[in-house]
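Okay, so here's the structure we're looking at.
Order of appearance sets the numbers: ligands from 1, and atoms from 1 within every ligand.
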Amino acid sequence: MAKISTYKIQIYGRVQGVGFRPFIFNLANLNKLVGSVSNNANGVLIYINSSEEKATYFVDQILKGKPEVSIITNHSIEEVSFIAYTNFTIIVSESNQQINIPLTPDFAVCKACKEEITDENNRRFNYAFTTCVHCGPRYAITTKFPFERENTTLENFKMCSSCESEYTNPSNKRFHSQTNSCSNCGITLQLVDSSGNLVEENEQDIIQKVAQFISEGKIISIKNTNGYLLCCDATNKGVIKELRKRKKRPNKPFAVLYPSIEAIKNDFNITKNEKTALQSRVAPIVILQNTKTTKIKTETVAPNLNQTGVMLPSSSLLELLLQFFKKPIIATSGNIHGSPILSDQKEAQEELQYVADYFLHHNLNIEFPQDDSVVKFIDEQQIILRRSRGLAPNYLEIESKNTAPSLAMGAHLKSTFAFVPNKHTYVSQYFGNLDNFDVLERYKSTIQQYGNLFNSKPKTILVDKHPQYQSTILGKELALKNNVKLIEIQHHKAHFASVLGEHDLFSSKEKILGVVWDGTGLGDDNNIWGGEFFIYQNQKINRSNHFEYFDWIANDKMAKEPRLSLFSLLNNDTRHLIKEKFTATEWKVYNKTLQNNTLKTSSVGRLFDAVASILDIIDINSYEAEAAMLLENYAISAKNKKITDFLEGNNYETIPIKFLMQTIIKSYKIDGFSKTSVAQSFIYTLAKIIIREALKNKITIIACSGGVFQNSLLVLMLLRLAKKEGITIKLNRKLSANDENISFGQLMYHQNIKN
Ligand SMILES: [Zn+2]
Ligand SMILES: [Zn+2]
C-alpha cells in the first residue's frame with residue numbers, strides 16, 4: 001500500500017465567498033479523504049491525508065471542477081509533518097495575519113435562485129434577498145476579512161433553523177453559504193412615500209405594489225444590494241421626462257433594465273458576446289445599437305444617440321420586480337446629478353424626496369455602494385466604460401513587485417484609487433467628479449476603509465502632477481500626515497503605463513508607441529496636454545510628438561462649451577463664421593481673452609468638441625463628453641462610402657490641428673460634405689494619424705489610452721488600418737480607457753519606469 005502522508009494545499013485567487021470550502025468538503029468526501037479546509041490569509045488552505053498519487057489527482061480535480069465564480073491564480077502542494085485526522089471538516093477561519101487575498105466582487109443572481117423565487121412551492125418564493133454560494137452581494141457587504149458571515153453586514157441576521165440546516169448540510173446548495181437567509185430570518189423590505197409614511201404593510205405584496213406604482217407612471221427609488229436606484233416605466237415618455245427634470249439631468253443617457261434576455265432580443269440585435277456579458281455574473285449595462293423599433297422611448301432614454309444601455313436584473317429583488325412588471329424599466333443610479341450613488345436610508349429619503357414618489361427600502365447595510373458597470377463591444381473586443389459593481393476592486397492579472405504598500409490617488413473627474421497592501425493590486429470602483437463634495441467624502445472614506453480592511457498603511461503615495469486635483473491635494477495631506485514618500489506622475493504617462501501594465505509590456509524588447517488622447521491633463525511643460533505620442537523603450541517613457549498647441553481659454557468652461565474650442569481653433573480669417581454662436585458681449589470678452597492668453601493645449605477631446613460645434617451638432621454640453629458622443633453617433637450613421645483622410649499628402653511634424661480644422665470647414669462649407677461624412681472622415685483621419693506616426697518611427701506595437709479611445713468607430717478604424725500594416729494595437733482591457741485607469745497607471749509607472 002502507498003505511504004499515507006499529510007499534504008498541505010494552498011489555493012490562491014478569488015476563492016473566498018464563492019463556495020470553495022463546501023466544494024472541497026464534498027470533493028474530499030467523494031475521494032474518501034480525511035483532513036480539513038479553511039479560509040486563510042492567502043486564500044483557501046487544505047490539509048489531507050493521502051498517498052502522493054491521490055493528492056496530485058485531488059489537486060487536479062480541484063482545478064478542473066472549481067466553483068463557477070471562483071478564479072484560481074495559483075496553487076501549491078507540499079508534504080508536511082503527519083497530522084492524524086479522523087474525518088474531513090470545514091474550519092471556520094481565524095485570521096490575524098497579513099491578508100493576501102482578493103476581495104470578492106458582487107455576483108448577480110444565478111439561474112437556480114431565480115427559479116426558486118418564482119416557484120410558489122419553494123420556501124424562497126418571493127424572497128427578494130435569495131442568494132447562494134454562486135451569487136449575491138459580497139464586496140458590497142464586506143466589513144472585514146476573511147469572507148465569513150460575521151465579517152459582513154449580514155452579521156446581525158441570525159439564521160432560522162431551516163436556513164441553519166441548509167448551511168450545515170453538505171449536500172445542500174447553501175452549505176456554507178455566508179449570505180444565506182430567508183423571509184423568516186432575513187432582510188425585510190419597507191415601502192414608503194416621499195415623506196416616509198408606510199404605504200404597504202404586507203411584505204409579500206410590496207414588490208407587486210411597486211410594480212403597480214411604476215405602471216401608474218410613478219418614480220420609485222429602490223435600494224438594490226449595491227445602492228439606491230431610481231426606476232420608472234421605460235415605455236412612458238412623460239415619466240422619463242419628469243425623472244430628467246427632477247434629477248436635473250436633461251440629456252445624459254439612462255440605462256434600461258429588461259425582464260429577460262428574450263425581451264432584449266425582441267428590441268435589439270445582439271451578438272454572442274453581448275448576450276454573454278448581459279447574462280454574466282457581472283450583469284453590467286451593455287451599450288447596444290438601436291436597430292429595431294421598440295416600445296421603450298429611446299429618444300428620451302438616450303436623447304440624440306442611436307444607442308441604448310441595457311441590463312438584466314442583478315439581484316433577486318430586481319428579478320422579482322421585473323417578473324411582476326414584465327416590461328423594461330429605467331434604472332439609473334439614485335443620486336442628484338453628479339453626487340455619489342446613495343446607500344443610506346436616511347440620506348436617500350432626504351436627498352431624493354423631490355425626485356422619487358416612493359421608496360423601497362430594506363435593512364441590509366451596504367458597506368461599499370457601487371454604480372452599475374458599463375461595457376460595450378467593438379467587434380469581438382469588450383470596452384469597459386465604467387468599472388464598478390461586479391468588476392471592482394481586484395486586478396488579478398498583476399502580481400505586485402512592491403514590497404512596501406503603496407497608494408495611487410488617481411485623477412479628478414473619473415476618480416478611482418489603487419492600493420497595493422500585499423501581493424494583490426486593488427483598483428477601487430469608480431467614484432466620479434471630486435469637485436462634488438459628497439463624491440470626495442465617499443472617495444476619502446473608502447480609502448480609509450481599505451486601510452482598515454487590510455490593516456495596512458501606504459509607504460508611498462502617488463499623485464497626479466496637477467496641483468488642483470482633489471486627489472493630489474488629499475494625497476499630499478496623507479503623505480505629510482503619515483510622513484511617507486510622495487511621488488508625482490504625469491497624467492498621460494500614467495495612461496500609457498496603464499496599458500503597458502495591462503498587457504505586461506514593460507519587458508518588451510521592441511519599442512512601443514503610446515498614443516494618449518483625452519480631454520485634459522497637466523503636461524510636463526505646464527500646458528494642458530491631451531493629444532500625445534510617447535515612445536517606451538528600456539524602462540523609459542519619452543514624449544515623441546503631440547498635437548499642435550492651441551489656446552485654452554475660459555478655464556473649466558472650455559470643456560463644457562464646444563463652441564469655445566472651435567473659437568480657439570479658428571484663425572482670424574475664419575473666426576467670424578461662428579459669431580452667431582455667441583452674444584455680442586461674449587464675443588468681445590472671448591476675443592480679448594484670446595489676445596492675452598498664455599495657456600496652451602494639445603487636447604484631442606477639445607478637437608472633437610470643435611468639430612461637433614462647426615457642424616452645428618452641439619455648442620454647449622449638458623453632460624461630460626456629450627459632443628464627442630454625438631459626433632461619433634453622426635459618424636456611425638454615415639451612409640457615404642467615400643471616406644477622406646483630411647491630412648492626406650500633408651507633410652507635418654507636429655500634428656497640424658489648425659490646418660485640419662480649415663480643411664474640415666472647407667469640406668463642409670464649400671465642398672458639400674454632409675455632417676455625417678465630415679464626422680466619419682474626421683475620425684478616419686485620426687486613425688490615419690496614429691498609423692502614420694507608427695510607420696514614421698518604425699514601430700509595430702501601439703498602446704492607446706485616454707477617454708478618446710472609448711470612441712468605438714475610432715477604435716474599429718484603427719484596428720482595421722493597423723491590421724493591414726502588420727501593426728498590433730493594445731487597448732485597456734479590464735480597465736476603462738478614461739481617467740478611471742490613472743490610479744492603476746500611476747502604480748505601473750512607479751513600479752516599472754526609470755525616468
Ligand atoms: Zn444563486
Ligand atoms: Zn431563514
task: Please check if the distance between the ring centroids of His75 and Tyr12 is under 6.0 Å.
output: no

statement: Rounded to the nearest 0.5 angstrom, the CG-NZ distance for Leu189 and Lys223 is 10.5 Å

- request: To the nearest 10 degrees, calculate the angle at the Zn ion (ligand 1) involving SG of Cys113 and SG of Cys135.
  value: 100°

task: Compute the angle centred on the Zn ion (ligand 2) spanning SG of Cys163 and SG of Cys160, and express it rounded to 10 degrees.
output: 110°

- prompt: Vertex the Zn ion (ligand 2): angle to SG of Cys182 and SG of Cys185, to 10°?
  reply: 120°

- prompt: Any chance the rings of Tyr7 and Phe58 have centres within less than 6.0 Å?
  reply: no

message: Assess, by modelled atom type and distance only, whether the side chains of Tyr443 and Ser428 contain a donor and an acceptor separated by less than 3.5 Å.
response: no

